[in-house]
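Data block below; observations after.
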Protein chains: 2
Amino acid sequence: MLLSNTCIYGLRASVLLASKLSDDFVTIRELSDELNISFHFLTKVLQMLTKSGILKSYKGPNGGVKLARPASQITFMDIVESIDGKQIIKECALGLPGCGELKPCPLHDQWSALKENILNMMNHISLEQLASNRASDQFNISMHY
Amino acid sequence: MLLSNTCIYGLRASVLLASKLSDDFVTIRELSDELNISFHFLTKVLQMLTKSGILKSYKGPNGGVKLARPASQITFMDIVESIDGKQIIKECALGLPGCGELKPCPLHDQWSALKENILNMMNHISLEQLASNRASDQFNISMHY
DNA sequence: GTATATTAAGATAAAATACTCTTTAATATG
DNA sequence: CATATTAAAGAGTATTTTATCTTAATATAC
Ligand code: FES
Ligand code: FES
């Protein structure tokens, strides 16, 4: 599994937020219901995104969370980085320290090429694109089947 | 992190075994020393590989473990599968059930292309190749720097 | 100001993963 | 047969990840 559960929840919630039409705050309860994720846990996850400036939050009635920037300006990588950390994709496939810096491992050539592609994908795909994929109605984002 | 620690230990030990010249059994102690992995833990990991038929083991003096088949006939994927399970690379990037079967998630198109490449690499690279990379002496496999 | 809605924060619990220690079984050697 | 060597198996511990529960803080509406 490339991404942690926590990170996946953050991504799913962000895509869902990006696909909302209005600019109102959305309650975490609404997100957790729609995504079928525990409300309390999702709250924790979204707190991370709020702290890292990807989301804005507002307390009280009509409060909730919303994207802090336009969905076109938030990348998949932004979210992965702020939850799973920067090095998730920089690591050696065999878990050795400092991939590529000193002696690379026997898998380095093959793995770093693949990593480059993954990195590239994460850096270039935005929440807007993901949301519009979703909107094409053949795509799913919740666990409701 | 794509692979579990356990799986990484299994891979490192297997590459090391593949790079041994003689066909004698190698003690797990020797492997754990060379790889700088806890002996007891490595024992557990290699038990999995023995059970799944990738390694042969032998108890008693001059005992140890060795590859059950020629290194050219053991793929990276063989080891990943027997430790981390088959579905590690078949999963949806957003953790949804049945990637691609029913409704794919918004990331499916991009992710499944990358997955295909990872799968391909794992299926085609053999322990022999990894061991010969290692033997070229610019490559590392242990944590000793 | 009081009640209500909502996120934030903290404390705890459960589950999964990683690691260690001890005992048992198999084999070899003398 | 007695002893030493080695992997297998089992039990136990530690750490991390995932999840839940409770309380606090902040904002709105009346
Ligand atoms: S050193 Fe192992 S993948 Fe780079
Ligand atoms: S359904 Fe999500 S990656 Fe395939």
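Please read all numbers here as calculations on a predicted model, not as lab measurements.
- With salt bridges taken as basic N to acidic carboxylate O contacts below 4.0 Å, none links B:R29 and B:E34.
- Heavy-atom distances under 4.0 Å link DNA chain D to B:K44, B:Q47, B:T50, B:K51, B:S57, B:Y58, B:K59, B:G60, B:P61 of residues 44-62 of chain B, given in residue order.
- Per the geometry, CZ belonging to A:F39 stands 8 Å off C1' belonging to C:dT6, to the nearest Å.
- Under the side chain to side chain donor-acceptor pair (under 3.5 Å) criterion, B:T43 pairs with no residue at all, not counting sequence neighbours.
- Near DNA chain C, defined here as any heavy-atom distance below 4.0 Å, the residues from residues 2-10 of chain B are B:S4, B:N5, B:T6, B:Y9, listed numerically.
- Comparing C:dT7, D:dA7, D:dA19 by their nearest atom to the side chain of A:I28 picks out C:dT7.
- Across C:dT7, C:dT22, D:dT22, the shortest atom-to-atom separation from the side chain of A:H40 is found for D:dT22.
- Put simply, A:T27 has no side-chain N or O that comes within less than 4.0 Å of OP1 or OP2 on C:dT6.
- Rounded to an integer number of Å, the gap from B:R29 CZ to C:dT20 C1' is 12 Å.
- For B:F76, there are no ring-ring contact (aromatic ring centres under 6.0 Å, His included) partners, not counting sequence neighbours.
- We find that CG of A:D24 is positioned 15 Å from C1' of D:dT28, with the value rounded to whole Å.
- One distance of note links CE of A:M1 with CG of B:L2; it measures 10.0 Å at 0.5 Å rounding.
- Between B:K66 and B:D24 there is no salt bridge, since no side-chain N of the basic residue sits under 4.0 Å from a carboxylate O of the acidic one.
- Rounded to whole angstrom, the span from the CG atom of B:L42 across to the P atom of D:dA9 amounts to 16 Å.
- Note that CD of A:Q110 and CG of B:N120 are 11.5 Å apart. Values are rounded to the nearest 0.5 Å.
- Using a 4.0 Å cut-off between charged nitrogen and carboxylate oxygen, B:E91 and B:K86 do not count as a salt-bridge pair.
- One can place CZ of A:F41 at 16 Å from P of C:dA9, the figure rounded to the nearest angstrom.
- A:I37 places its CD1 atom 9 Å from the P atom of D:dA19, with the value rounded to the nearest Å.
- Residues passing the side chain to side chain donor-acceptor pair (under 3.5 Å) test with B:K59: none are found, sequence neighbours excluded.
- Annotation: side-chain contact (heavy atoms from CB on, under 4.5 Å) contacts of B:T6 (sequence neighbours excluded): B:S4, B:F41, B:V45, B:M48, B:I83.
- Across the protein-nucleic acid pair, A:M1 atom CE and D:dT18 atom C1' stand 11 Å apart, rounded to whole Å.
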